[in-house]
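Working notes, beginning with the structure itself.
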Amino acid sequence: MLNAADDAFAEVLDRTGITVKPAQQAYLEEPRSLYNGTSRHVALPTGTDEVSRIVRICAEARVGIVPFGGGTGLVAGQVATDGPAPLVLSLEKMTAIREVFLAEDAMVAEAGTTIAEIQVAADDAGRLFPLSYASQGTAQLGGALSVNSGGLNVLRYGMARDLCLGIEAVLPDGSVLHALKRLRKDNTGYDLRHLLIGSEGTLGVITAAALRLLPRPAETATAFLAVASPQAALSLLAICREQAGELISAFELISAEALAFLAETQPDLRQPFDEAPEWSVLTELGMGPGSDPESHLGTIFERGAEAGLVLDGRVAQGDRQRAEFWALREAIPHANRRIGSIASHDISLPLSEIPAFIEECGATIRRILPCRISAFGHLGDGNLHYNVFPPEGEARDAYMDRSPDVTRVVHDMVAACGGSFSAEHGVGRAKSGELERYADPAKLAAMRSIKAALDPLGIMNPGAMIA
């Protein structure tokens, strides 16, 4: 593979009318500054035809391509850290909402559009695009689909792939896959849409997508509930489902340590309880016109309290307090970064395994080193963010040599429970070794065969996912 650092290569692209510029630091690092890229040039296409031209030129020159979305990924999928310097391919200029189809509850948007911009366009049309997470103002559609991102509303609406009806993509030879169908049913052979979604740019570049839109809940109610334990939270989730069915939009589990970090780093954020409970749940119901979700929450609270599951609670009084509740939840990752973790984990577990995992994993880690553990996440879909920090008042640098040991404990226990070491952030380069360690051999062999078949030159995001 040749080196894309040469100015001569950039000039080849420039002569075809494609905008190329030097790669600034923003394109060469990820949010935690743990990985730095080697690229010197960034290509900025304005349409799918230019993406196709770029990929063809790179294929002919055997130059690697690193697709770059909003740069919010946490597993180094967007930065090539070693090997010949690749070309960064940013779709930031491809931001068109091509069309909204109200009768079909569908929208076609280009891959450089941010998730927040798609949400606004859906709202302007009287609809909801429910993919939602803290980085949605920066995260782009192409990146969200390439890692199959999740977020706060997976319990009700599913992952990114569940909201995608069709895609347009450029394959590793430069050919364009025209699959922007808005169909709910299409059984005509291999579903290449789902193959490319979640492939992290290793099989092609998604340039546009047809998306599902949904009705906006007419009535919403949100509550912060203090619960006795993770097991109590799980039992409360069952009560919520009995009471509200599939109208639960979110069900988040939050530890006392997560709230303590918020109080330490962002004291201006208003917390729902005077003293942080050991465990709490943030839940939201969204219903149709004429409904009374607050009444449902009241019943849930009463049933939970009678069963000894719920110890205290606050129901949001209006949109302002609801926004405050969610601002707390979305600020937790920022607080964690300011405290500085020894090891962070994005894991997924069968729901019934979560309470025992939290207890047993914490006890095992504390036998290795003194620490604080902040566990929070999307209990409704089994996704926990399980992060280990140094003791209060101590610097994490003194413990970083134990980080691999901590991660091995966490991931081994996750695997033993039938879980996943990557729930919603992907594999990237940071976790490619974990994929080698934990993936089913047949799955890993099939992935390598697919990669070799579609990208025989190995130019698409080299080093990501499959080491």
Side-chain angles (χ1 to χ4, degrees), residues 30 34-35 64 66-67 73-83 143-150 154 158-162 164 172 190-204 206 343-354 357 360-361 364 377-378 381-388 403-467:
E30 42 77 56
L34 299 176
Y35 300 86
V66 175
L74 299 177
V75 292
Q78 72 274 44
V79 290
T81 56
D82 52 28
L145 291 172
S146 73
V147 300
N148 186 31
S149 60
V154 171
M159 302 280 281
R161 73 166 66 251
D162 300 303
C164 181
Y190 301 136
D191 194 336
L192 300 182
R193 164 191 52 161
H194 283 308
L195 182 62
L196 288 168
I197 294 173
S199 68
E200 302 186 33
T202 63
L203 301 178
I206 295 172
S344 300
H345 312 93
D346 163 43
I347 57 176
S348 182
L349 294 155
L351 294 188
S352 62
E353 301 282 353
I354 289 175
F357 170 86
E360 294 170 12
C361 193
T364 302
H378 322 300
D381 57 50
N383 177 196
L384 281 183
H385 301 293
Y386 191 87
N387 305 325
V388 180
S403 179
D405 300 330
V406 171
T407 293
R408 187 60 55 234
V409 167
V410 174
H411 288 174
D412 280 353
M413 292 188 72
V414 166
C417 292
S420 169
F421 65 84
S422 177
E424 62 180 358
H425 290 164
V427 175
R429 292 169 179 83
K431 295 184 178 180
S432 59
E434 301 298 89
L435 186 66
E436 294 273 354
R437 182 182 182 93
Y438 295 106
D440 176 78
K443 173 181 177 176
L444 200 55
M447 288 176 63
R448 287 179 174 139
S449 295
I450 292 168
K451 172 71 171 174
L454 292 184
D455 183 23
L457 301 176
I459 65 168
M460 298 307 304
N461 212 0
M465 191 179 294
I466 302 175

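On a predicted model such as this, the values are computed, not experimentally measured, just so you know.
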Query - Steps toward side chain to side chain contact (heavy atoms under 4.5 Å, CB included) verdict (Arg437, Arg408) - result: CA-CA 11 Å; Arg437 182 182 182 93; Arg408 187 60 55 234; 3.4 Å; yes
For the residue pair [X] and [Y], what are the closest heavy atoms and their distance?
X      : Y      : result
Leu435 : Met465 : CD2-O, 3.7 Å
Ala343 : Val406 : CB-CG1, 4.0 Å
Tyr35  : Glu30  : N-OE2, 3.2 Å
Met460 : Pro172 : CG-CG, 3.6 Å
Ser146 : Gly201 : CB-N, 4.2 Å
Thr364 : Val409 : CG2-CG1, 3.7 Å

Query raised in the report: What orientation do His425 and His385 show, parallel under 30°, tilted 30 to 60°, or perpendicular over 60°?
Result: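 Judged by the thresholds at 30° and 60°, the geometry between His425 and His385 is parallel.
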Query raised in the report: For the residue pair Tyr386 and Phe357, does the interplanar ring angle fall in the parallel (under 30°), tilted (30 to 60°) or perpendicular (over 60°) class?
Result: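 It falls in the perpendicular class, over 60°.
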Query raised in the report: Should Leu203 and Ile450 be marked as a side chain to side chain contact (heavy atoms under 4.5 Å, CB included) after you check the CA-CA gap, both sets of side-chain angles, and the distance that decides it?
Result: CA-CA 8 Å; Leu203 301 178; Ile450 292 168; 4.0 Å; yes
Requested in this report: Tell me, yes or no, whether the heavy-atom count around Asp440 atom CG, taken from other residues, nucleotides or ligands under 6.0 Å, exceeds 12.
Outcome: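 Enclosed.
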Test item: [X] side-chain N/O and [Y] main-chain N/O as donor-acceptor pair under 3.5 Å:
X      : Y      : result
Lys451 : Ile466 : no
Gln78  : Gly73  : yes
Asn148 : Arg161 : yes
Asp346 : Leu384 : no

Please examine the side chains of [Y] and [X], heavy atoms only from C-beta on, and report whether any two atoms are closer than 4.5 Å.
X      : Y      : value
Glu424 : Asn383 : yes
Cys164 : Ile197 : yes
Leu454 : Leu195 : yes

Query raised in the report: Where do Arg193 and Leu145 land on the side chain to side chain contact (heavy atoms under 4.5 Å, CB included) test, with the steps shown first?
Result: CA-CA 10 Å; Arg193 164 191 52 161; Leu145 291 172; over 6 Å; no
Requested in this report: Begin from the C-alpha positions of Val410 and Thr407 and carry the test side chain to side chain contact (heavy atoms under 4.5 Å, CB included) through to its verdict.
Outcome: CA-CA 5 Å; Val410 174; Thr407 293; 5.7 Å; no
**Report entry** For Asp381, side chain to side chain donor-acceptor pair (under 3.5 Å) partners two or more places apart
**Finding:**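 Partners of Asp381 by the side chain to side chain donor-acceptor pair (under 3.5 Å) criterion come out as none, since no residue qualifies.
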